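Let me begin by presenting the structure, written as structure tokens, before commenting on it.
For the numbers below, each heavy atom of this structure counts, side chains included, while hydrogens, waters and symmetry mates do not. Note that this is a predicted model, so its numbers are computed, not measured.
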Amino acid sequence: MKYKDTLNLGKTGFPMRGSLPKTEPLRQQKWYDADLYKQRLSQNEKKPHFNLHDGPPYANGNIHLGHALNKISKDIIVRYKNMAGFYAPYVPGWDTHGLPIEQQLTKAGHDRKSMPKAAWRNLAKDFALAQVDKQRNDFKRLGIMADWQHPYITLQPEFEAAQVRVFGEMAGKGYIFKGSKPVYWSWSSESALAEAEIEYHDIDSTSLYYANRVKDGKGILDNDTYFVVWTTTPFTVTASRGITLGPDMSYAVIRPEGETRKFVVAVGRLEAIAPKFGWTNYETLATYKGQELDRITAYHPWDEAAEELVMNADHVTLDSGTGLVHTAPGFGEDDFNVGKTYGLEVAVTVDEKGYMTKSAGADFEGKFYDDVVGLVINKLTAANLFLAKEKITHSYPFDWRTKKPIIWRAVPQWFASVEKFRQNILNELDNVNFYPEWGKKRLYNMIRDRGDWVISRQRVWGVPLPIFYAEDQTPILDQSIINHVADLFEKHGSNYWFEHEAKDLLPEGYTNEHSPNGLFTKEEDIMDVWFDSGSSWAGVMNTRDQLDYPADLYLEGSDQYRGWFNSSLITSVAATGHAPYKNVLSQGFTLDGKGNKMSKSLGNTISPLAVADQMGIEILRLWTISVDTSQDMPVSNDILKQVSESYRKIRNTLRFLMANTSDFNYATDAIAFEDRAGHDQYFSVVLNDFVKDVRASYDNYQFNDIFKRVINFVNVDLSAFYLDIAKDVVYVEAPTGHARRSMQTVFYDTLLALTKLLLPILPHTAEEVWEYLPNEKTEFAYLSDMPEVQDFGDTRALLSHWADFMSLRDSVNKALEEARAAELIGKNAEAALTLYLTPEQQQLLANLHADVRLLLMVSQLHIEDASNASAIKDYDGFLISVQHATGGVSPRDRMFHEDLGADPAFPELSKHEAEIIREFYPQALTEGFE
RNA sequence: GGGCCUGUAGCUCAGUUGGUUAGAGCACUGUGUUGAUAACGCAGGGGUCACAGGUUCGAGUCCUGUCAGGCCCA
């Protein structure tokens, strides 16, 4: 027989390489076939609940890395919670209303104007549901364990009904009102836009400087005095109704050389402005504070029916312009606010498509707003008021979908008055934990500074605003009527609104004093989609039996402070007085390897599905915990390659543990902690601390902390030390002997703990490992529970002793490396070490209760008293001498021994080995060795 | 322009209340093994802690500014 046959070399079929792209989909199919999601949940039915509420991605387009990061992070948390003693359902959601889907229909060749609204909405619904199906399949490829068969979708009747009831609750409290206000108006999509629907680009504009002649100078200014104003939006001059000054800013009345007219310009801008008008010399006739000129009037440049009122407001700056702001309340928010204070007319001279109306004047009517610059200049020039034009490049708002510029424009809109319950919202934030902590500050500032919420949209694809109008156009905002509409939606879906007349939507026999003839009309606007997703706490958490309100956790990208975190908080506090979440976890954005943002145009994007196909989704999942998700995260192929190296290390380590426990049955073979060898006790403690630390990191959502701990544990604690020394035990010692069983006990504990702790992150790999653990009872690893932290008492002394040993080991390794370089030895087994130790250092070794020779992996170890040392090299405090080992090499354990042939039957083996052979391989006595 | 955040070895990350020669893993180089083998061990090189001021006996760690980058807003 061969010596090798008397060794316990590891055996396992677990492949070194995972072939992840091929095996993952097969494994996932098994999960879905077995309805593993439901199995795990039903197992947890009696446990405390943990609800992570899914923020709904928009049902349009391919999933990108941000989606993947989001869903994988949630999956990690939910899987962990389910294995850690919680009933943690995960209902995925989709956001399905809104303009992008309407645009997709248009792109596909459908014409909204050519069909009834209800028909258009059915097309949108079909499109959205198809997108949901596609994205759902893609999410499943990421290995996400969720209730994929019962997602929530914002177009579901029960969701729409819940949303409408939230609206009713707010209306009932008087939070909903109708107003006319400048809003972001997209003429290209003929709709008001939410702030979230806007993006900014730099554009070139023609700005104009012109003069307004004083009409009523209130005894301060003469009638030959002119206010010099600046505008970057010339079309708004048609609706100009005022001139705003900074109350504390100084304004000079000057007369340029060669001019008969006098001009008013802010002192702080005079020097910058004068050259533009060719004013090389001028005399300053007087200086006034802005507030001294308050309520003086001036003529509109050409509109005799209009008048310009001088006003004061704090938003005026000296950064640009003249320090006098031309004010058109219908076309700007600041303008509107100051105009409101002074009671100005809100003139709107542009229609919904961007064309000037009759109110702009006969020569403007019908012209596109952006094409009237020349006309405005002509009119100003004709009135001798034109001073200069100037090209400027500035950041300007655009419709994020049509990519066309937008304008501010006052239109009738429905609002939610955030002002009325702003303080309640801010107070509620104190009851929420934020990860990271600064999230609270960020959300707080946003709520504090935000204005009222424009909730109406002039589109079709969305939840209708459940509002009726009486014959005299009085809006009817009655909570009981709104709830009646909600009931209809719950039964028939919101398309019912568009398929029926107002009278069919109102409760039977409804009357109203404003409708003497019993006639009613209905609102045609729909709700802002942020109201949809912002109502999900009501439409999902409150509606489904297995879920709770408020949710334990909302987890989204940091853009959602302005989005979903925000809108959910507002609707929830408005309707119930409470925040919809107890914890908010926000994540950064994925950046490329250079730290720049990912975008299609830059070509630096990485598709999660491509990663799954090329490397395996496990690699992306492992990447997710390798980075600090609270900040922006770099991703590149190089980074993923590095992560895949880490994956291989983890995989190989698991494989080694499996291979060396394949003949081990915990039930019959395990050795109790007290009876384990010193190094096995030590490692049991290391493992236990590892379990404790990793679980704490999970509990605090510190993903990259888990990664760091796992990688260090695998590389340093296991691979470089414990598994390395283990080979001389596990391979060589008697197969069922105490030394080997002691170590195998720890191996198996480690294998099991590591597999379970990694499962939320690497579920495919963990399940694969599980197939090689015949003694584990559950069919899937996911049906097992997280390892519990054990109590080994006070382990500080033990850990301290081993920390000391590690210092000695470092010194020994350096000494061995020098001996190797000097060609005194090759491998460590050729070495005989002599340590010259102080009494304290000798005590150190005694404290270990272990075979130090084994721990240092040399053939022979001699301990001498330090006082006997002469000319021995000091390695960081340890006097170490390396010689070549003596005796001969055993072909079996490949170590040097001086007792080879002590058993005459086995002349090549050591005494200890011969004993093992006699007991466990008696056939060697007859067969002999080759 | 404003709010929030980030900038430590080639890469991903640690660096407690400011205190001796700034750490880890990976990668890299050298080397040993060839019984974890398309694996594993050991050793080594590598950072003016984005930059510039300031506070302090002393700053990666506090303050100010600049630069670069990200999210959100104007």
Applying a 4.0 Å non-hydrogen cut-off, can you work out what A:Y561 is touching in the nucleic acid: base, sugar-phosphate, or nothing?
nothing
Nucleotide B:A43, atom C1' - distance to CG of A:N828 in whole Å:
12 Å
Set out, line by line, the N/O atom pairs under 3.5 Å between protein and nucleotides 24-28 of chain B.
{"residue": "B:A24", "atom": "O2'", "partner": "A:N712", "partner atom": "OD1", "Å": "2.7"}
{"residue": "B:A24", "atom": "O2'", "partner": "A:N712", "partner atom": "ND2", "Å": "3.4"}
{"residue": "B:G25", "atom": "N2", "partner": "A:Q642", "partner atom": "NE2", "Å": "3.1"}
{"residue": "B:C26", "atom": "OP1", "partner": "A:N715", "partner atom": "OD1", "Å": "3.4"}

Work out how far the C1' atom of B:A43 is from that of B:C49, and round it to whole angstrom.
26 Å
Between the side chains of A:D5 and A:K2, is the shortest nitrogen-to-carboxylate-oxygen separation below 4.0 Å, so that they form an ion pair?
no
What is the distance from CD of A:E818 to C1' of B:A43, rounded to the nearest Å?
10 Å
Measuring from atom CZ of A:F721 to atom CE of A:M857, what distance do you get when rounded to the nearest 0.5 angstrom?
8.5 Å
Of the listed B:C5, B:C72, B:A38, the closest approach to the A:R562 side chain comes from B:C72
Tell me whether the centres of the aromatic rings in A:F747 and A:Y722 are closer together than 6.0 Å.
yes
Is the A:H67 ring parallel, tilted or perpendicular to the A:H64 ring (thresholds 30°, 60°)?
tilted
Applying a 4.0 Å non-hydrogen cut-off, can you work out what A:D705 is touching in the nucleic acid: base, sugar-phosphate, or nothing?
nothing
Please determine which of A:E913, A:R892, A:E930, A:E908 meets the side-chain hydrogen bond (donor to acceptor under 3.5 Å, both in side chains) test together with A:Y3.
A:E908
So what does A:D638 touch, heavy atoms closer than 4.0 Å: a base, only the sugar-phosphate, or nothing?
nothing
Salt bridge (Lys or Arg N to Asp or Glu O under 4.0 Å) partner of A:R651, chosen from A:E618, A:E645, A:E768
A:E768
For A:P15, answer base if it contacts any base atom (sugar-phosphate contacts may also be present), sugar-phosphate if it contacts only those atoms, and nothing otherwise; contact means non-hydrogen atoms under 4.0 Å.
nothing
B:G46 to B:C4 separation - P atoms, rounded to the nearest Å:
41 Å
Considering only heavy side-chain atoms of A:L723, the closest of B:G30, B:G69, B:A36 is B:A36
Taking atom P in both B:U8 and B:C57, what distance in whole Å separates the two?
30 Å
Base, sugar-phosphate, or nothing for A:G826, non-hydrogen atoms under 4.0 angstrom?
sugar-phosphate
Under 4.0 Å, counting only non-hydrogen atoms across every strand here, what does A:R892 touch: a base, just sugar-phosphate, or nothing?
base
Hey, does A:P436 reach any base, or is it just sugar-phosphate, or nothing, if we go heavy atoms under 4.0 Å?
nothing
With a non-hydrogen cut-off below 4.0 angstrom, is A:K727 in contact with a base, only sugar-phosphate, or nothing?
base
What nucleic acid atoms does A:G10 come within less than 4.0 Å of, heavy atoms only: base, sugar-phosphate, or nothing?
nothing
Over all strands shown, is A:S719 touching base, sugar-phosphate only, or nothing at heavy-atom distances under 4.0 angstrom?
base
Contact class for A:A720 vs. all strands (heavy atom < 4.0 Å): base, sugar-phosphate, or nothing?
sugar-phosphate
Quick one: CG on A:L65 to CG on A:N70, what's the gap to the nearest 0.5 Å?
11.5 Å
Rounding to an integer number of Å, can you tell me how far A:Y875 OH sits from B:A43 P?
12 Å
Considering heavy-atom distances to RNA chain B, does A:S558 or A:K4 have its closest nucleotide positioned more toward the 5' end?
A:K4
